[in-house]
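Presented below is the structure to which this report refers.
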Amino acid sequence: MYKSPRGTADILPGEQHYWRYIESKASEVCRLYGYQRVDTPVFEEAGLFTRSIGEGTDIVTKEMYTFQDQSGNDLALRPEGTAPVCRAYLEHGMDNVPQPVKLFYFAAIFRYERPQAGRYRQHYQFGCEAIGEASPTLDAEVIDMAWRFFSLLGLREFSLQLNSIGCRICRPKHLEALRQYYAGQAGGLCQDCTTRLEKNTLRLLDCKKPFCQAAADRAPKSSDYLCQECSEHFEHVKTYLKTAAIPFRVNHRLVRGLDYYTRTVFEIHPPEEAAQSALGGGGRYDNLIEQLGGKPTPAIGFATGMERIVLNLKKQQIAVPELPRLKLFIACLGEEAKLEAIRLASQLRQQGIPVLLSAGDRSLKAQLRQANGYGVDYTAIIGEDEVKSHTLTLRTMATSEQQSIAASKLVELLE
Ligand code: AMP
């Protein structure tokens, strides 16, 4: 028997209401903040990601699903949503329409990671990107939108962590200070951090290993190395968040896993904080569009993992509306009744009323059992007598009560 590949999951009908709920709240929040939906392909040229996410990042070095197609093109399954949206922004000349361009997406994301609770090799993200505006007001608005989204979902006690990792001008000074600091710790770092020291210094700060965490706590803080513009930007973001009454904690170890971030970075965490628990995160990426061949264009975005939201909705026992159930099953006995049942089902569907039509030639008892199994409220029974008299027998499943009605009255009754 085949199984779904390790780290992937089927979303079965019984779970779908969580997903539709998240999508509807996400779409609602996007409407409130003026974001429009965009869908990009599941795979892209691999270079798009290596260029933007960064050659030294875990995603690029260890986690990308890359492959060559029959023509020898190097492609990759999308390991994140921002670079494809920026590629689309440039490809379709969205730099020529009023800025910022605000886009959102639901996308399957692929990363070859070690599967565990809340961490999969295929997961889904809801993300949004606001491209073409440098003001800290937009940073605060994106964070405000993320905050409102989790509130609208009904989640409780989530918290916001904030940091600024500076820009091209000030970050090198911070990185140099980090290298000097970590050079003195080299013997005691984990294998990954020893590599990071060379290739991805900033990521030393968010290593999850306890010893490395202690070293990271004492490490030079990016906020102490910000240039004046970055420092002012960060102060504005904090002031705007306070004005919007959004509580936050500055976490100087928050750096995020992708190289393209500049200035503001943030994450939203659920109450019980585990190493891999972030509900969502984002930040500014003021150099990315330029890196992808566009003119310098500031931008900021946010993404959240939908599986983690489902986990937290369940953990917090939030009542999520069920999807509408089918109300009516049509049972029939005999060949003529079957034709009548087909006609009736077609008529009802024509009028927008969903029905389940019995197929096969089961006994009435078996058909009623089937109807019960589907959980419908009513079963319309059509037999020889009903065909002759243009009626049907309507059975209320909960009480087993039956009444004979004119077939033409069914719609009225159901409504
Ligand atoms: P990132 O693109 O790494 O910033 O991730 C954004 C959000 O997606 C995270 O905060 C998580 O909620 C979710 N996420 C990231 N990686 C995974 C994964 N492997 N499995 C499930 N959710 C994930």
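For clarity, every value in this text was computed on a predicted model and none was experimentally measured. Just so it is clear, the values below take in all heavy atoms, side chains as well, and ignore hydrogens, waters and symmetry mates.
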Using side-chain heavy atoms (C-beta onward) and a distance below 4.5 Å, is Asp74 in contact with Thr66?
no
Once rounded to the nearest 0.5 Å, what's the spacing between atom CG of Asp58 and atom CD1 of Ile53?
11.0 Å
Checking Thr297 side chain against Lys295 main chain: does a donor-acceptor pair fall under 3.5 Å?
yes
Inspect the surroundings of CD in Gln317 and state if more than 12 heavy atoms from other residues, nucleotides or ligands are less than 6.0 Å away.
no
Close side-chain approach of Phe150 and Asn312, heavy atoms under 4.5 Å
no
Approximate separation, where rounding is to 0.5 Å, of Asn200 CG and Thr195 OG1
10.5 Å
Measure the OH-SG distance between Tyr260 and Cys86 for me, rounded to the nearest 0.5 Å.
7.5 Å
Can you name the nearest heavy-atom pair linking Pro115 to Gly7, along with the distance?
CG-CA, 3.8 Å
Inspect the surroundings of CZ in Arg362 and state if more than 12 heavy atoms from other residues, nucleotides or ligands are less than 6.0 Å away.
no
Main-chain N/O of Val97 paired with Gln99 side-chain donor or acceptor, under 3.5 Å:
yes
Spell out, as yes or no, whether a donor-acceptor pair under 3.5 Å connects the side chain of Glu129 to the backbone of Val101.
no
Any Lys/Arg nitrogen of Arg179 or Glu176 sitting under 4.0 Å from an Asp/Glu carboxylate oxygen of the other?
yes
Arg325 side-chain N/O to Gly375 backbone N/O, donor-acceptor pair under 3.5 Å
yes
Could you go through Asn372 and Met397, starting from their C-alpha distance and side-chain angles, then the distance that decides it, and tell me whether this counts as side-chain contact (heavy atoms from CB on, under 4.5 Å)?
CA-CA 7 Å; Asn372 249 332; Met397 301 306 286; 3.9 Å; yes
Tyr374 OH: over 12 foreign heavy atoms closer than 6.0 Å
no
Surrounding CD of Gln213 (heavy atoms of other residues, nucleotides or ligands, distance under 6.0 Å), is the total greater than 12?
yes
Are the side chains of Thr8 and Phe110 in contact, using a 4.5 Å heavy-atom criterion?
no
Pro100 and Ala130: which non-hydrogen atoms are nearest, and at how many Å?
CB-C, 4.5 Å
Can you list the steps and then say if Leu178 with Leu204 is a side-chain contact (heavy atoms from CB on, under 4.5 Å)?
CA-CA 9 Å; Leu178 280 175; Leu204 283 159; 5.5 Å; no
Checking Glu80 side chain against Ala83 main chain: does a donor-acceptor pair fall under 3.5 Å?
yes
Test salt bridge (charged side-chain N to carboxylate O under 4.0 Å, His left out) on Glu28 and Lys25; report intermediate values, then the result.
CA-CA 5 Å; Glu28 165 71 2; Lys25 297 295 179 192; over 6 Å; no
Residues Asp39, Tyr105; criterion side-chain contact (heavy atoms from CB on, under 4.5 Å); working and verdict:
CA-CA 6 Å; Asp39 292 286; Tyr105 56 85; 5.5 Å; no
Relative to each other, are the rings of Phe266 and Phe302 parallel, tilted or perpendicular (30° and 60° limits)?
parallel
Decide yes or no for Phe234 and Pro136: does some side-chain heavy atom of the first lie under 4.5 Å from some side-chain heavy atom of the second?
no
Hey, what's the ring geometry for Tyr225 with His174, parallel, tilted or perpendicular (30° and 60° as the breaks)?
tilted
Give a yes or no on whether the backbone of Ile342 and the side-chain of Ser346 come within a donor-acceptor separation of less than 3.5 Å.
no
Between CD of Glu235 and OG of Ser164, what distance do you get to the nearest 0.5 Å?
10.0 Å
Go through Phe149 and Leu279 one step at a time and tell me if the side-chain contact (heavy atoms from CB on, under 4.5 Å) criterion holds.
CA-CA 11 Å; Phe149 171 58; Leu279 272 171; over 6 Å; no
Which heavy atom of Ala46 sits nearest a heavy atom of Met64, and at what distance?
O-CE, 4.3 Å
Using every non-hydrogen atom in the two residues, find where Tyr285 and Ile300 come nearest and quote the distance to one decimal.
CE2-C, 3.6 Å
Which atoms form the tightest heavy-atom contact between Ile143 and Leu162, and what is the distance?
CD1-CD1, 3.8 Å
Hey, what do you get for CD (Gln125) to CD1 (Ile109), rounding to the nearest 0.5 Å?
4.0 Å
Counting distance only, does the side-chain N/O of Gln16 pair as donor-acceptor with the main-chain N or O of Ile11 below 3.5 Å?
yes
Check the angle between the aromatic planes of His236 and Tyr240 and answer parallel, tilted or perpendicular using the 30° and 60° thresholds.
parallel
As a test of understanding, state which of Lys208, Arg203, Lys62 forms a salt bridge (Lys or Arg N to Asp or Glu O under 4.0 Å) with Asp192.
Lys62
Distance-only side-chain donor-acceptor flag, Thr40 / Arg87, under 3.5 Å:
no
Is it the case that the side chain of Arg121 and the backbone of Glu113 share a donor-acceptor pair, with hydrogens and angles ignored and the cut-off at 3.5 Å?
yes
Tell me yes or no: between the side chains of Gln122 and Tyr124, is some donor less than 3.5 Å from an acceptor?
yes
Distance check, rounded to the nearest 0.5 Å: Leu160 atom CG versus Glu267 atom CD?
10.0 Å
Would you say that Asp286 contacts Cys167 through its side chain, given a criterion of any heavy-atom pair below 4.5 Å between the two side chains?
no
Answer yes or no: is there a side-chain heavy-atom contact under 4.5 Å between Phe106 and Arg37?
yes
Quick check: do Pro321 and His17 have side-chain heavy atoms less than 4.5 Å from each other?
no
Could you check whether Gln351 and Gln347, counting side-chain N and O atoms only, form a donor-acceptor pair closer than 3.5 Å?
no
State whether a side-chain donor-acceptor pair under 3.5 Å links Arg148 with Tyr33.
yes
Return yes when atom CD of Gln36 has more than 12 non-hydrogen atoms of other residues, nucleotides or ligands closer than 6.0 Å, and no otherwise.
no
Measure from NZ or CZ of Lys238 to the centre of the six-membered ring of Phe248, then state whether that distance is under 6.0 Å and the direction lies within 45° of the axis.
no
Name the residue from Leu356, Val355, Asp377, Ile353 that meets the side chain to side chain contact (heavy atoms under 4.5 Å, CB included) definition with Leu326.
Leu356
Min side-chain heavy-atom separation Trp19-Val320 under 4.5 Å
no
Answer yes or no: is there a donor N or O on one side and an acceptor on the other, between the side chain of Arg78 and the main chain of Glu44, under 3.5 Å?
no
Can you name the closest pair of heavy atoms from Gly154 and Ile318 and give their distance?
O-CD1, 2.9 Å
Any ion pair linking Lys102 and Glu133 (charged N to carboxylate O, less than 4.0 Å)?
no
Crowded around Asp361 CG? As in, over 12 foreign heavy atoms under 6.0 Å?
no
Is it true that a side-chain atom of Arg284 and a backbone atom of Thr264 form a donor plus acceptor pair closer than 3.5 Å?
no
